A.B. asks: 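Sharing a structure below in structure tokens format, with a few things to ask.
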Amino acid sequence: MGLIVTYTKKYRKNIGILIKLLRKPDVAFGLIILILFYSWSIIEGILQVIGSFIGKPDLGWILLPYNPFQPHLSQSLRLPSLTHIMGTDDLGRDIFSRILYAAPSDALISLVVVGGGILIGGFIGLFAGFYGGKVEEFNMWLTDLFLAFPALILAMVIEATFGHGYIYAMIAMIIVWWPSYARLFRAEAIRIKNMKYIDAALLSGLSKVDIIRRHMIRPALNTILPYATLDLGNVILFYSMLSFLGLGQQPPYPEWGSMVALGLEYFPKWWWYSLMPGLVILIIAVAAALVGDGLRDILGGEEKWV
Amino acid sequence: MGDFLIINNVTKTYLARRRTIADFILRRKIPYIRAVNGVSLRLDRGKTLVLLGESGSGKTTLGRLIVGLEKPDSGKILVDGEEVPYVGDKSYMRSKLRGKLQMVFQDPSSSLDPFMTIKDIVSEPLIKLHMPKNEILRMVIEALEMVGLDKSFLNRRPIELSGGQRQRIAIARAIVTRPELVVLDEPTSALDVSIQSQILNLLVKIQRELGLTYVFITHDARVARFIADYVAVMYLGKVVEYGSADDVFNEPLHPYTQALLSSVPKVGVRELPKTISGEVPSAINPPSGCAFWPRCPYAMNKCRNEEPQTKVINNREVRCHLY
Amino acid sequence: MGLTLDIEELYVTYRTPEGNIPAVRDVSFTLSEGEILGIVGESGSGKSTLALTLTGLLPQNVHVHAKRMNILGNDIDTSNLRKALDPLRGVGIFMVFQDPFASLNPLIRIRDQMAEAYVTKVRQKHGIKLGVDDVDDEELIEYLKRVNISDPHISIYKYPHQLSGGQIQRVMIAMALILEPRILIADEPTTALDVITQIQVLHELKRLVDEIKTSIIFITHDIALASVVSDRLAVMYGGYFMEVGDTLNVLKEPLHPYTVGLISSIPNKRKSEGYLSEIKGLYVPSETGGCPFAPRCSHAKDICIKEIPIMREINGRHIRCFLYG
Amino acid sequence: MSIWTYIINRAIRAFFLILGIIVLTFLLSHVLAPNPAYVWAGPHAAPSVVQAIIGEYHLNQPLYVQLYYYLISSLTFNFGISPFFKQPVSELIATYLPRTLQLIFVAMILTGLIGIFSGAFAAEHKDEWGDYTVKALYLISWCMPPFLAALLLQLFIAYKWGFLPPNLMADPTLPSPKPITGFPIIDAIIESNWPYFISSLRHLILPAFALALISFGIITRITRSSMLLSLNADYIRSAIMRGVEKRRVIYTHALKNSMIPVITLLALVFSWMISGSVIIETIFSYQGLGWLLTTALYNYDYPTVIGCSIVIGIAVVLANFVADVLYAVIDPRIKLG
């Protein structure tokens, strides 16, 4: 993500892009949701980290309506209402507070996985695409190999081997995620390689590394930015599947996917327990997809599928 | 006809497609395409050589060989006594000719990086010369002025320019280092007629000012006639006729040259020119003997079986059994 | 000789979020049976938009308005051009496109695509519905022979990507022979072809007029090419017709400054004989409402920038310029 | 390039991918794993069990020897004995895989039908209400977590309206057919066990629909956009110009060309469905490969996890191969070069 930020900073028209984005109602809706989600995550995340450092974990729920850990058995399994807008769970904990408390881990994992994918995939994809030949063939085989494994299965195997938990989930997801970026970057590198300005650069005495730096990174990132935005939602979706299977943050920490799994026992009578976290994931993923689509409309370019 | 540019029996072939493992297993031979086939040419400093031919004649490949964007399979290309280095070779970085051979491409929209400013684009050939920044800027502005643009373009981007302006930028980039030789690959064929004459005039003016040597690639006989000092007519990878422009355009000797020149529509004549039949055969499987015989109005038996050799007639090289 | 096309004051405007962009402005012309009208213009002149207007294939965001639009005796409702022209496409109007490799479906054999044209002819002329498979292959091959395609028995079963550009344009002309359209619109049909092939294809195109009395609108950017093909010539700039007249007259004695510039910028000398004459500047879409050529015109007066001159008739020629009248 | 050259190349590629999959799992489980013996035996295994495992998997021998035995056993589908189910892993997979495949097969057909028709419909009505509705639907499909799709279907169709059974593979009171092909539905037909056939079909609908619900969006979207591309292509204009009827223009010319990107997507959708089936089988208590995999995962049954994932990887590679061949059959540019 760091790279993207520096390059979008350099890109002068980024304010203009923002205005164009906000002009469409659906994209504006998505953008607002995303901004709310990430800014909330930053605030809440900082509070949680500081709280755990100074030994006052209650700092983590100072902004929340309820303590996400404290059971109130008298309040258990309440329907969504004005006091508990998403209802309560079997121990009487406010589901909305637990969802808000869990937000930073999802935000962090989406940024790290997408950023890691762009870094690893970008490096490998650009070099493979530009150099061609054997390097490229090996790279193609490698990415195909990783893509042949259904992502969830590969992540499950990785976690079965090394252990369960948030960090393991993150590592597993980076491992399953980079090949798609390697492919995108490779396609970009091949597209740009055939441009005549690369020939001109070669005739100007630039080395291949110079050319990748000067002519490839910026346009490739430009093409990949919409896809990466959309992917933020995909990562959150995917992580929720892992945590649904118990492969994410371990209890008692709340986690959107694992909350769904916990609620299954109380389904269908106390439906909100499982459905509410699921709906939140859906909304955030839709928001990311809307913004990604909007960005692609503005930056131009075709639809990319890995 | 000179010794500044010497092309000596150059051949370049490509595989018609990539070789795969299945071809290995099935023992399939992949056909070769002889894009450039035994071409020898010579040119003086400061002159313009036009490579004239239809698509598939190998003129663009020859142009890319001359600047070192491709590596010849056999034969040599010398510029000013120095062998042209291939840009992918390690020796390229040490060569005296590095950065001294430039090329202007046909499609102005793909020849400029859309993400860079004009200043960055035009200064690109200078960045490896380790010059002070203000010196670079001065040379960039000078090059821009030479192609008829001014300082105000420095911070613009290619997308803001018209096709003709982009081609001017590409020319500025090619001449900013005062190169030895510039290959111009159909620089005007993507432009409007009214812009084409502007660019052609500009190229002639720059050549006179800087004493540049041009290799000009085109399929348009009218453009060739205007700009050429020497013309090499190419057909299926071979030069079928080479001579000074005056000679070739006034009295074409090779039947293909004759057909090419007579196919140019004449303004103010309401009659379609007569022309030969057939199309350029595939380079994968060229006809035996003289490659032109299936379309040639004068084809003899000899033409089908025997490949004509280059003969020199009145200061001109022709590959035809008629002579 | 009847009129196949009669168009008066045609305006075509693209509606974009950034505003309306006029592409064709105040264009009036007629086309007689068996006549070839050459339309010459540079990029941005609106010539391709005009071609798409006459075929009703414009995109949705385009507004078309005309005082009169009469095609083959039918008054056309310009508010729903696509629909209004539906019954005319095929045996009424046919079009040959610029890029041969894009103009046939890559997944369908030449035979089937030609058979579609045959099916249309039978449906529109005789009211009989045929399937594509009912068409006799030998009959289709006859048409290919008439356009001098090499090995028609083999070529007809090929897919488009196996043919050369010149051959595909011949297939398109063979379709025209099948349909016998009253109007053929050829939008730069030879621009993508080699020099010699281009002349060959034009020979085939011209034979259509002799054999089936088609009227052709031949659109090109190359005024020299237009001069050897067309009977009448219309020079287009910035969406307007600037000069319309008999081809030979226009070329021998061009009246409009743009036509003069266009003809004289064809390279016609050696560089040792001096520089080519050029039209200075470049085409910029103007918004002042004046003559679009005024910024590049050496005869431009104040009025040229403010007002657009009307089309005037001078010696059988139509000129849009303040220099005349 | 002839079609055979193409197919052989793809087959070779598929073979090397399968090899790669096996090597990849080997790397994970033998090389990168901090303590392979405890991975294979489970973290809480007794020392004697661990010793047995070390012998069984040759863990005390050099890596290339380990790789040799691993490759041999994997390529012969000999994945060892599951410590949790106390049964050879290959037998487990032979039982559970067909159940998942029949689920995914039905889901793929549903997905293809919904995706292609809604995409073509949206393209035909571009920028109209139909298009916006389809766009909203495919966005939701695309962003829908699999468990949410499953729960919503269960909640409304099974619990609230009672149309279909909410979970399990068939009515447990019915006698299940003997496994002949392994596919319960086909076995029921073979045995003419009609009550079981109808029951298992009814139980199949909801999970298959849930899988289709999370997958059709991508197909809708690509059909729509490639359809729009081809509707604006010159060859469509030229077909319209030669008077081809509208139905043939859309369904023969445009749709045929739009199918090419869809075919290349099918393998991706298959892979995505396998991921989704892990979740959906858990929720519907549908005892397929996904259910087997999660159960094995919770019970530290590593041989089963590895066996399942190798088989799944092979299935995806084969699906890719089939898509490649289909692609070559449809597009003459591949076949004829």
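Lettering follows sequence order; numbering is per chain, from 1. Predicted model only: the values in this text are computed from it and were never measured.
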A.B. asks: Side chain, backbone, both or neither: which part of C/L179 has a heavy atom under 4.5 Å from chain D?
C.D. replies: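 Looking at C/L179, just its side chain touches chain D.
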A.B. asks: Would you please say whether a donor-acceptor pair under 3.5 Å links the side chains of C/D222 and C/T220?
C.D. replies: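 Short answer, no.
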A.B. asks: One thing to verify: whether D/D324 and D/R13 come together as a salt bridge, which I'm taking to mean a side-chain N less than 4.0 angstrom from a carboxylate O.
C.D. replies: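 Counted as a salt bridge, because a side-chain N and a carboxylate O are separated by less than 4.0 Å.
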A.B. asks: Quick one: sort the D/W129 and D/Y132 rings into parallel, tilted or perpendicular, breaks at 30° and 60°.
C.D. replies: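 The rings of D/W129 and D/Y132 stand perpendicular, inter-plane angle above 60°.
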A.B. asks: Please evaluate residues C/D112 and C/R109 with respect to the criterion salt bridge (charged side-chain N to carboxylate O under 4.0 Å, His left out), reporting the C-alpha separation (whole Å), side-chain torsions for both, the decisive distance (0.1 Å), and the verdict.
C.D. replies: CA-CA 5 Å; C/D112 289 359; C/R109 288 181 200 273; over 6 Å; no
A.B. asks: Check each atom of C/V132 against the heavy atoms of chain D and say whether the ones under 4.5 Å are side chain, backbone, both or neither.
C.D. replies: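 The side chain, not the backbone.
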A.B. asks: For the residue pair C/S103 and C/I168, establish whether any side-chain heavy-atom pair is separated by less than 4.5 Å.
C.D. replies: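 Yes; the side chains approach each other to less than 4.5 Å.
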A.B. asks: In terms of side-chain heavy atoms, does C/T4 have a donor or acceptor partner in C/S215 at a distance below 3.5 Å?
C.D. replies: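 Judged by distance alone, the side chains do pair up.
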A.B. asks: Identify which of C/P87, C/P106, C/P160, C/A117 forms the greatest number of heavy-atom pairs closer than 4.5 Å to chain D.
C.D. replies: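 Looking at each of C/P87, C/P106, C/P160, C/A117 in turn, C/P106 comes out on top.
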A.B. asks: Within residues 137-151 of chain C, which positions have a heavy-atom distance to chain D below 4.5 Å?
C.D. replies: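 No residue falls under the 4.5 Å cut-off.
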A.B. asks: If I measure from the heavy atoms of chain D, does C/F97 come under 4.5 Å with its side chain, its backbone, both, or neither?
C.D. replies: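 For C/F97, the contact with chain D is made by the side chain alone.
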A.B. asks: With a 4.0 Å cut-off, would you call C/K125 and C/E180 a salt bridge?
C.D. replies: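 So C/K125 pairs with C/E180 through a salt bridge.
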A.B. asks: Select, from D/I236, D/N257, D/N232, the one with the greatest count of heavy-atom pairs under 4.5 Å involving chain C.
C.D. replies: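 Heavy-atom pairs under 4.5 Å are most numerous for D/N257.
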A.B. asks: Where on C/L85 is there a heavy atom nearer than 4.5 Å to chain D: the side chain, the backbone, both, or neither?
C.D. replies: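 Looking at C/L85, nothing touches chain D.
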A.B. asks: Would you say the side chains of D/R221 and D/S225 form a donor-acceptor pair under 3.5 Å?
C.D. replies: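 Distance-only check fails for D/R221 and D/S225.
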A.B. asks: Report the option among C/Q124, C/R89, C/K121, C/Q60 that has the most heavy-atom pairs separated by less than 4.5 Å from atoms of chain D.
C.D. replies: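 Ranked by heavy-atom pairs under 4.5 Å with chain D, first place is C/R89.
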A.B. asks: Go through the side-chain N and O atoms of C/Q113 and D/H253 and say whether any donor and acceptor fall under 3.5 Å apart.
C.D. replies: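 The criterion, which ignores hydrogens and geometry beyond distance, is not satisfied for D/H253 and C/Q113.
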A.B. asks: Top residue by heavy-atom pair count (under 4.5 Å) with chain C, among D/R248, D/K126, D/K256, D/K246?
C.D. replies: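 Result: the option with the highest number of such pairs is D/R248.
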A.B. asks: Heavy-atom distance under 4.5 Å to chain D: side chain of C/M95, backbone, both or neither?
C.D. replies: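 Both parts, backbone and side chain.
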A.B. asks: Between C/D86 and C/K83, is the closest basic N to carboxylate O distance under 4.0 Å?
C.D. replies: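 C/D86 and C/K83: not salt-bridged.
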A.B. asks: Using side chain to side chain contact (heavy atoms under 4.5 Å, CB included) as the criterion, point out the one residue from C/L81, C/T53, C/L52 that pairs with C/V12.
C.D. replies: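 When C/L81, C/T53, C/L52 are each tested with C/V12, the side chain to side chain contact (heavy atoms under 4.5 Å, CB included) holds only for C/T53.
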A.B. asks: Under 4.5 Å heavy-atom distance to chain D, tell me which part of C/L107 shows up: side chain, backbone, both or neither.
C.D. replies: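 Its backbone and side chain both get close to chain D.
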